[in-house]
Asks: 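I'd like to ask you about the structure that follows.
Just so you know, residue 1 is the first one in the sequence shown, and it goes up from there.
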Amino acid sequence: MPEPSADWWKSSVVYQIYPSSFKDSDGDGVGDLAGIVEKLDYLKLLGVDVVWLSPVYPSPWDDNGYDISDYTGIDPRFGTLEDWDRLRDGLHERGMRLVMDLVINHTSDRHPWFTASREGDEDKKDFYFWRPGRDGGPPNNWGSVFSGPAWTYDQTRGEYYLHLFSPSQPDLNWENPRVRAAVHEVALWWLARGADGFRMDVINFVSKNPKLPDGPVAGDYGIFAEHAINGPRLHEFLHEMHERAFAGRDVLTVGEMPGVSVEQARIHTNPVNRELDMVFQFEHVDLDHGPGGKFDPRPLDLVRLKASLNRWQVGLNDRGWNSLYLNNHDQPRVVSRFGDDGRYRVESATAIATTLHMMQGTPYVYQGEELGMTNAHMDDIADYRDLETLNYHRTMVETGKVDANAAMAGITRMSRDNARTPMQWTAGANAGFTTGTPWIGVNPNHIGINAEAAVADQGSVFHHYRRLIALRKEHPVIVHGSFTPLLEEDPRVYAYTRTLNGQVLLVLANWSGQRAEAELPGDLAAADAELLLGNLPDPGPVAAPLRPWEARVHLIR
Ligand code: TEU
């Protein structure tokens, strides 16, 4: 286990594993903990420091494990607590850490807490949001993230319960101090077992306007975000959890916060407030959502993406800390979404990675991103497994509310299942993921896009990620340097500098399939710079034009 040191997570790179799709060791078609242990040397070669493990707790699997029925166990599909211990030890032996996914805004409706609550148990009756109906319907007009109303009537209790996600994910009532104490106990239980921190699911949803008022109507329902996120007690709840569970411990805490602003994140991640180390914000991954939402996508506007990411870089500099991500289990594969997964797949994947990894913050690599894995391009709804996707198709497409072809195109481009197809290990059967029948289809392009081929090819996306990760360890300017945006209105080139103790890191990336000139300020253009890393052969000097999807990192000492 590496020596604890203050803020180790600032110079770390985190690798997210979506366990059901990473590696299956027992042939049941679902990834498992023992499968992850088989691949630890692969992760060590990549150079990542931390593994963030998406949920592996017992779950009815409505939302692929984000509906938890037992917070201190392992779902049999993934193995046992002893398997988890072996994963923990395997990571620690290699100098890596293990961060767990805490889903504590809601439980599964099969969790014993909910069972007791619906039956009116004295201790649990207020563990969730129960309300009588209004005018024969739900208590307010909120809609769920996963389509439909955010309330379901329960015959046993005779009241409605709140679920901002699916009816199988009832929201915990954090106004109840016993709920908060129970959640703190869960965190302490995993820390005692050797976990090194937590990713906290929609953690800014845990404080809601206690009156639960109607939201402004959009479509069939009211928008819950007006009153159910970033609520009045959020800072209090986060600080309380920090003091009860994290204070004095050498752990990484990252809060997933859909809808958080830079201003709020500056408070959440300012160490003096003792809340969280960093947050996952969503501004940059919501930019291509059209008027009809995520399944009504619009092409990327690079100038808007630069403005968003740059705002977060400048906004948190010296006061908070950024997480840096463009991929995860909820987002389509960035090389298909913002890059070019055809002619310039390797070039665009590495240019995008260079742009992100040289910024200030902790980079998160999602499984397969380091291979340049692409969207699945599935155009038959029968191939999808994701609750959000299937609910959207059922409630909007099958009802005729949206045009079926346009919606299916949106689903093909934006569904979360694009990130959840099995990890591509080899060109062989099922991409070497399983000897059984995979729970979701394997991308046919695993023939050419797989870890075995990538590790053997020094020009692969994998080795570019490995070099980016290594640079972060070698140059303090990458971790601690201030950020200065350049060429903010340029529609093709992403450019910025990082500065520390007189050293200037210049990052140039052409996010287009055309040649581009970076019109740099004279002092930079003429600088005598050392080339630290390029993504194409024979990279030129600072002033050299940028070839299609070319990225370069120059150091001016
Ligand atoms: O996601 C939170 C969230 O906002 C999701 O709605 C996600 O961003 C959305 O699907 C994008 O369209 C977290 C988890 O990451 C996600 O996997 C869970 O489904 C969700 O919470 C409920 O736990």
Side-chain angles (χ1 to χ4, degrees), residues 18 20 54-55 57-71 75 101-111 113-114 117-118 127-131 138-154 160-174 179 183 199-209 212 215 218-231 234 255-260 280 282 285-286 289 293-295 328-331 384-396 411 414-417 419-420:
Y18 195 70
S20 48
S54 275
Y57 320 99
S59 164
W61 212 247
D62 278 8
D63 186 19
N64 290 19
Y66 281 89
D67 50 317
I68 295 168
S69 54
D70 174 3
Y71 282 111
D75 193 284
D101 204 324
L102 267 187
V103 186
I104 44 181
N105 170 68
H106 47 272
T107 68
S108 162
D109 61 347
R110 275 12 112 74
H111 194 291
W113 294 349
F114 187 74
S117 188
R118 74 178 351 152
F127 255 52
Y128 298 85
F129 290 93
W130 293 99
R131 295 291 187 281
N140 70 22
N141 67 358
W142 295 357
S144 153
V145 173
F146 292 158
S147 304
W151 297 87
T152 293
Y153 184 75
D154 181 78
Y160 286 84
Y161 66 89
L162 176 67
H163 51 81
L164 298 181
F165 292 94
S166 79
S168 62
Q169 297 169 292
D171 281 55
L172 282 165
N173 170 19
W174 276 59
V179 165
V183 165
R199 176 265 190 187
M200 290 169 235
D201 193 63
V202 289
I203 198 66
N204 61 324
F205 287 23
V206 300
S207 173
K208 299 147 166 84
N209 177 332
L212 308 180
D220 297 333
Y221 299 98
I223 298 173
F224 70 74
E226 296 282 325
H227 304 293
I229 71 173
N230 305 326
L234 181 58
E256 184 205 30
M257 293 196 169
V260 70
F280 286 137
F282 279 65
V285 292
D286 286 351
H289 294 187
K294 71 180 278 186
F295 293 118
N328 64 36
H329 64 294
D330 292 331
Q331 301 297 331
Y384 288 86
R385 301 289 179 271
D386 172 29
L387 175 70
E388 177 186 55
T389 301
L390 296 173
N391 283 359
Y392 174 76
H393 191 273
R394 189 184 70 254
T395 59
M396 301 301 281
I411 286 170
M414 300 297 282
S415 170
R416 304 192 297 182
D417 279 336
R420 301 176 179 185

Asks: Judged by atom type as modelled, is there a donor-acceptor pair below 3.5 Å linking the side chain of H289 to the main-chain atoms of V285?
Replies: yes
Asks: Which is it for N140 and R131 under the side-chain contact (heavy atoms from CB on, under 4.5 Å) test, yes or no, and what are the steps along the way?
Replies: CA-CA 10 Å; N140 70 22; R131 295 291 187 281; over 6 Å; no
Asks: Can you tell me how far the CD1 atom of I68 sits from the CG atom of D63, to the nearest 0.5 Å?
Replies: 10.0 Å
Asks: Is the backbone N or O of G231 less than 3.5 Å from a side-chain atom of N209, with the two atoms forming a donor-acceptor pair by type?
Replies: no
Asks: Regarding R420 and D330, does a basic nitrogen lie under 4.0 Å from an acidic carboxylate oxygen?
Replies: yes
Asks: Side chains of M414 and E388: closer than 4.5 Å at any heavy-atom pair?
Replies: no
Asks: Return yes if some donor-acceptor pair links the side-chain N/O of Y128 with the main-chain N/O of H163 below 3.5 Å, else return no.
Replies: no
Asks: What's the separation between atom CG in L387 and atom CZ in R394, rounded to the nearest 0.5 Å?
Replies: 8.5 Å
Asks: Kindly indicate, with the supporting measurements, whether the criterion side-chain hydrogen bond (donor to acceptor under 3.5 Å, both in side chains) is fulfilled by D109 and S168.
Replies: CA-CA 5 Å; D109 61 347; S168 62; 5.1 Å; no
Asks: Given side chains that start at C-beta, do those of N105 and I203 come closer than 4.5 Å, heavy atoms only?
Replies: no
Asks: Do W61 and R385 touch side chain to side chain, with heavy atoms closer than 4.5 Å?
Replies: no
Asks: How long is the gap from CE on M200 to CG on D101, to the nearest 0.5 Å?
Replies: 10.0 Å
Asks: Please find the pair of heavy atoms, one from P149 and one from Y221, that lie closest to each other, and give the distance.
Replies: CD-OH, 3.3 Å
Asks: Do you know which of D70, D67, N64 makes side chain to side chain donor-acceptor pair (under 3.5 Å) with S59?
Replies: D67
Asks: Is there a side-chain contact between H393 and Y384 (heavy atoms, below 4.5 Å)?
Replies: no
Asks: So do the side chains of P139 and F129 get within less than 4.5 Å of each other, counting heavy atoms only?
Replies: no
Asks: Rounded to the nearest 0.5 Å, what separates atom OG in S166 from atom NE2 in H106?
Replies: 7.5 Å
Asks: If only atom types and distance count, is the side chain of N391 paired as donor or acceptor with the main-chain N or O of F146 below 3.5 Å?
Replies: yes
Asks: Over all heavy atoms of both residues, which pair between S69 and S108 is shortest? Give the atoms and the distance, please.
Replies: N-CB, 3.9 Å
Asks: Taking it one step at a time, do S117 and Y161 satisfy side-chain contact (heavy atoms from CB on, under 4.5 Å)?
Replies: CA-CA 10 Å; S117 188; Y161 66 89; over 6 Å; no
Asks: Between S207 and N230 (side chain of the first, backbone of the second, donor and acceptor by atom type, cut-off under 3.5 Å), is there such a pair?
Replies: no
Asks: Decide yes or no for V183 and Y71: does some side-chain heavy atom of the first lie under 4.5 Å from some side-chain heavy atom of the second?
Replies: no
Asks: Would you sort out whether T389 and F295 count as a side-chain contact (heavy atoms from CB on, under 4.5 Å), showing the intermediate values?
Replies: CA-CA 9 Å; T389 301; F295 293 118; 4.0 Å; yes
Asks: Have a look at F205 and tell me which of L164, L234, I104 forms a side chain to side chain contact (heavy atoms under 4.5 Å, CB included) with it.
Replies: L164
Asks: Can you name the closest pair of heavy atoms from G65 and P55 and give their distance?
Replies: O-CB, 3.3 Å
Asks: Have a look at W130 and tell me which of W151, F114, Y160, Y153 forms a ring pair (Phe, Tyr, Trp, His ring centres under 6.0 Å) with it.
Replies: F114
Asks: Taking atom CG of L390 and atom OG1 of T395, what is their separation to the nearest 0.5 Å?
Replies: 10.5 Å
Asks: Taking side chain as C-beta onward, heavy atoms only, is L172 less than 4.5 Å from T107?
Replies: yes
Asks: Using the rule given for side-chain contact (heavy atoms from CB on, under 4.5 Å), can you reason through W142 versus L212, listing the C-alpha separation, both sets of side-chain angles and the distance that settles it, and then say yes or no?
Replies: CA-CA 9 Å; W142 295 357; L212 308 180; 3.7 Å; yes
Asks: Would a 4.5 Å heavy-atom cut-off, applied to side chains only, mark W174 and K208 as touching?
Replies: no
Asks: Is the distance between the ring centroids of H329 and Y66 under 6.0 Å?
Replies: yes
Asks: Heavy atoms only: give me the nearest G259-F282 pair and the separation to one decimal.
Replies: N-CB, 4.4 Å
